[in-house]
Amino acid sequence: MAPRENFGSRFAVIMAMAGSAVGLGNIWRFPYMVGEHGGAAFVILYMLSSFILVLPIFFAETIIGRRSRQGTFGAMEKLAPGTPWKWLGLFTVVSPIVILSYYSVVGGWSVEYLFKAACLDFTNAEPSEIQGFFGQFISSTGGPIAVHTIFMLLVAGIVLAGVKKGIEGFTKVTMPILFILIIALAVYSMTLPGASEGITYLLKPDFSEVDAHAVAAAMGQAFFSLSLGVGTILTYASYMRKEENILASGVGTAVSDLLFAVIAGFAVMPAVFAAGIEPGAGAGLVFDTLPFIFNKMGVGAPWLSAIIAIIFFVTILVAALTSAISMMEVGVAYLTEEKGMRRGSAVLAITVFAWCVGVLCSLSFGPLADVKLLGNSIFDFLDKLCSNWLLPAGGLLFTLFVGWKMSRADVFDEFTNGGTLKANVALFNVVWFLLRFVAPVGIVVVFLTNLFL
Ligand code: TRP
């Protein structure tokens, strides 16, 4: 077996983790969840879940990953050999691959939109044509599958290049650029005529729309957005060097992810209102809204609008890639370390499997639209199953593992780097309490209310 690679620096760790966290979850999923679940009130619920329920799970995963220096399956075998915990390891190998499959479909849409932007399709179309773009495209057969394939191949290529050259090299360069771009776009969007309604929508909470589903969706969004509950962060943490600070990486990643989502909200929502689109429009929200804006902008300045459109879709694409590679890496770590496969074969196996499931998801917007699983299309079913159930369930088990199965001394040692990090020592009891009680009880309560209300 090849020796394990490590991320080269603290900056690289945070960028890789933030790269995993910041993705379509922030730019595509967050705005439409906000629109479906009542605006600012949802944003508040999402922030609360992120820090109270989900951040402790970030610590749990990093503690397990760095202590064991193994992917999820190996970690369980190493820290709790011969126990049923290995099933948690296995479960968390499968679910990111399922997420990857439908994630790649949305990644494909951003590839398509990038092409369209580059061909000046948004700039030159009649405003009336623009409205139909998205619906027409996703319900067709060949086009979405073709771009899904392109996206999947890009992901496979980066993962194939390895942890240091591939993942670290790519995320270290792209993440900072991404932050600058999204801020610029938010500023632009907020100056559009009619944008103020969107700004109010994001800032003024109306709790009358909040129900059990909104609470569950907020928690699901927090898990999805921080890439937690399936061992992605665990696997990345296994490449962290011993002197890295778990508290700082967790807070750094969570804050960047949250900021990014909120800024993306400010880039999208004002434009939604300015364009007169319904905020509850669902998965197509971002893709419906932006072309409209680019088109409108194009009237006065066609080139400028095309350039901004291209930058935006490159941004989405890069953000999606840095997340998708983290999903694939979980399975690759498992197949190479536990099954002795070569990296190339592991990448190939996962790519083929996720591609096939992705094709079904893609077709569920068109030819397979009538296939319903518990009342949802295949795509929505997988997304809801993963975000609202599998991720929180995986997260719950990870906190239980750290809080109740590992010894307090080991957790302390890992969290504080053997007692050398003063702030971590001071905060340890708070984190320990969150890990053992607050996060598990909170997740169970959200589960139960969602089931029975
Ligand atoms: N967090 C990423 C996003 O916001 C998606 C992601 C990457 C993810 N790895 C994950 C989601 C693992 C769930 C589980 O786009």
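First listed ligand is number 1; within each ligand, the first listed atom is number 1. Residue indices begin at 1 and follow the sequence shown.
Within the 4.5 Å cutoff, the side chain of Glu414 has heavy atoms near those of the Lys242 side chain.
Every residue two or more places apart in sequence or in another chain that forms a side chain to side chain contact (heavy atoms under 4.5 Å, CB included) with Phe381 is listed here: Leu373, Leu374, Asn376, Leu385. Checked against side chain to side chain contact (heavy atoms under 4.5 Å, CB included), Ser364 has the following partners two or more places apart in sequence or in another chain: Ser377, Ile378, Phe379.
In Ser326, the part holding a heavy atom less than 4.0 Å from any atom of ligand 1 is the side chain.
Polar contact check, Phe224 against ligand 1: a nitrogen or oxygen pair lies under 3.5 Å apart.
Per-residue contacts place Ser225 under 4.0 angstrom from the following atoms of ligand 1 (heavy atoms of the residue considered): 1 (N), 4 (O). Heavy-atom proximity to Gly25, at under 4.0 Å, picks out these atoms of ligand 1: 3 (C), 4 (O), 15 (O). The Val230 neighbourhood of ligand 1 comprises atoms 12 (C), 14 (C), with distances under 4.0 Å to a heavy atom of that residue.
In this comparison of Ile27, Thr322, Ile99, Thr235, the heavy atom closest to atom 13 (C) of ligand 1 sits on Ile99.
Closest protein heavy atom to atom 15 (O) of ligand 1: Tyr103 OH, 2.4 Å.
When each of Phe134, Trp109, Phe137 is paired with Phe365, the ring-ring contact (aromatic ring centres under 6.0 Å, His included) condition holds for Trp109 and for no other.
Ligand 1 has Ala21 within reach: a non-hydrogen atom of the residue lies less than 4.0 Å from it. Note on ligand 1: Phe223 sits outside its first shell, no heavy atom being nearer than 4.0 Å.
Ser227 and Ser20 share a side-chain donor-acceptor pair at under 3.5 Å. If you check the side chains of Tyr334 and Glu329, you find no donor sitting under 3.5 Å from an acceptor.
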